[in-house]
Amino acid sequence: MLVRPAVASDVDVLVDIHIGTWRVAYRGILPDSFLEGLGDSGRLAKWRAWLAEPAPVVGGTYVAELGGRVVGLLRWGPVRDGDGLAPRVAELYALYVEAPSWGAGAGFALHERLIADAGAAGLHELTLWVLRANDRGRRFYERQGWAPDGAQMSKPYRGAVLDEVRYRRAL
């Protein structure tokens, strides 16, 4: 399993993984009409913009390759919801692995890269938001040492409601 920084030429596969994973992982959690309506045009523009940004002081976007093919992605950076969090805290924004590669170690490899880079940056803690009903995702994070901290939010998103809980992990 190779984990490397994402580059501009990865954009199409990042969009495919992002949308494809939502459609599989969130089936039964979010409305089918919402999942089937996910288009790649807006996502493509976002991923292009993210990959075009200068390298952040804290954070980054990585891909996991298996057999020379990108099968997963991870994006992290400064925490977006201050909520009284200490200054040496960052946030995991996204960790997605295409469904056919679940269990092959891509998620674990991406997570290990995150932990190593966050520690090297002098951070003390990480946060993430996960859908409350995403049992598979929550189990993955809990196996990696994350725990819910009691924060939660529900927000409308394109006609659906994202009901999320926040997790934290010390470094």
Side-chain angles (χ1 to χ4, degrees), residues 1-30 35 38 40 43-80 88-148 164-171:
M1 187 72 57
L2 170 69
V3 174
R4 63 169 174 79
V7 295
S9 62
D10 293 322
V11 72
D12 289 327
V13 73
L14 294 178
V15 171
D16 289 346
I17 290 170
H18 196 164
I19 292 173
T21 303
W22 272 57
R23 286 182 175 154
V24 174
Y26 301 156
R27 183 81 53 201
I29 297 173
L30 297 173
L35 295 171
L38 290 172
D40 64 359
R43 217 42 85 187
L44 189 60
K46 281 186 181 181
W47 276 106
R48 280 186 179 143
W50 288 332
L51 293 176
E53 292 173 353
V57 174
V58 171
T61 302
Y62 313 125
V63 297
E65 288 186 3
L66 182 61
R69 193 172 64 79
V70 174
V71 298
L73 66 92
L74 182 143
R75 180 170 163 71
W76 72 289
V79 69
R80 295 175 288 186
R88 293 196 178 265
V89 178
E91 181 179 350
L92 170 56
Y93 306 141
L95 173 54
Y96 299 115
V97 174
E98 65 175 10
S101 298
W102 288 353
F108 178 77
L110 287 162
H111 186 268
E112 287 298 300
R113 174 69 181 264
L114 165 67
I115 298 304
D117 285 5
L123 299 175
H124 295 164
E125 191 172 29
L126 294 166
T127 69
L128 65 84
W129 289 93
V130 62
L131 291 176
R132 180 184 311 278
N134 182 0
D135 294 333
R136 180 184 187 91
R138 291 179 70 170
R139 282 191 308 270
F140 172 82
Y141 293 122
E142 289 167 6
R143 283 192 307 269
Q144 308 310 316
W146 296 78
E164 298 175 296
V165 294
R166 188 173 64 196
Y167 273 60
R168 293 171 96 165
R169 185 190 193 281
L171 296 173

Taking side-chain hydrogen bond (donor to acceptor under 3.5 Å, both in side chains) as the test, write out the residues that go with [X], two or more places apart.
X	result
Arg169	none
Trp146	His111
Tyr167	Arg138, Glu142

Any side-chain heavy atom of [X] within less than 4.5 Å of one from [Y]?
X	Y	result
Leu2	Val63	no
Leu51	Leu14	yes
His124	Leu171	no
Phe140	Arg136	no

Indicate the atoms forming the closest heavy-atom contact of [X] with [Y], along with that distance.
X	Y	value
Ala109	Met1	CB-CG, 3.7 Å
Ile29	Ala133	CD1-O, 3.3 Å
Pro5	Asp10	O-OD2, 4.4 Å
Ala99	Val24	CB-CG1, 3.8 Å

Look at the side chain of Arg132 and the backbone N and O of Val165, then say whether any donor-acceptor pair between them is shorter than 3.5 Å.
-> no

Would you check if the side chain of Trp47 reaches a backbone N or O of Asp12 as a donor-acceptor pair within less than 3.5 Å?
-> no

Nearest-0.5 Å distance, [atom1] of residue [X] to [atom2] of residue [Y]:
X	Y	atom1	atom2	result
Tyr96	Ile19	OH	CD1	11.0 Å
Leu128	Leu95	CG	CG	9.0 Å
Tyr26	Asn134	OH	CG	5.0 Å
Thr127	Arg80	OG1	CZ	8.5 Å

Would you mind writing out the side-chain donor-acceptor pairs for residues 64-78 within the sub-3.5 Å range, not counting sequence neighbours?
| unit_1 | atom_1 | unit_2 | atom_2 | d |
| --- | --- | --- | --- | --- |
| Glu65 | OE2 | Arg4 | NE | 2.6 |
| Glu65 | OE2 | Arg4 | NH2 | 3.0 |
| Arg69 | NH1 | Glu98 | OE1 | 3.2 |
| Arg69 | NH1 | Glu98 | OE2 | 3.0 |
| Arg69 | NH2 | Glu98 | OE2 | 2.7 |
| Arg75 | NH1 | Thr61 | OG1 | 3.2 |
| Trp76 | NE1 | Tyr62 | OH | 3.1 |

Under the salt bridge (Lys or Arg N to Asp or Glu O under 4.0 Å) test, residues paired with Arg113 that sit two or more places apart | Asp117

Phe108: ring pair (Phe, Tyr, Trp, His ring centres under 6.0 Å) partners, not counting sequence neighbours | none

For a side chain to side chain contact (heavy atoms under 4.5 Å, CB included) with Leu126, tell me which candidate from Ile115, Leu92, Val89 qualifies.
-> Ile115

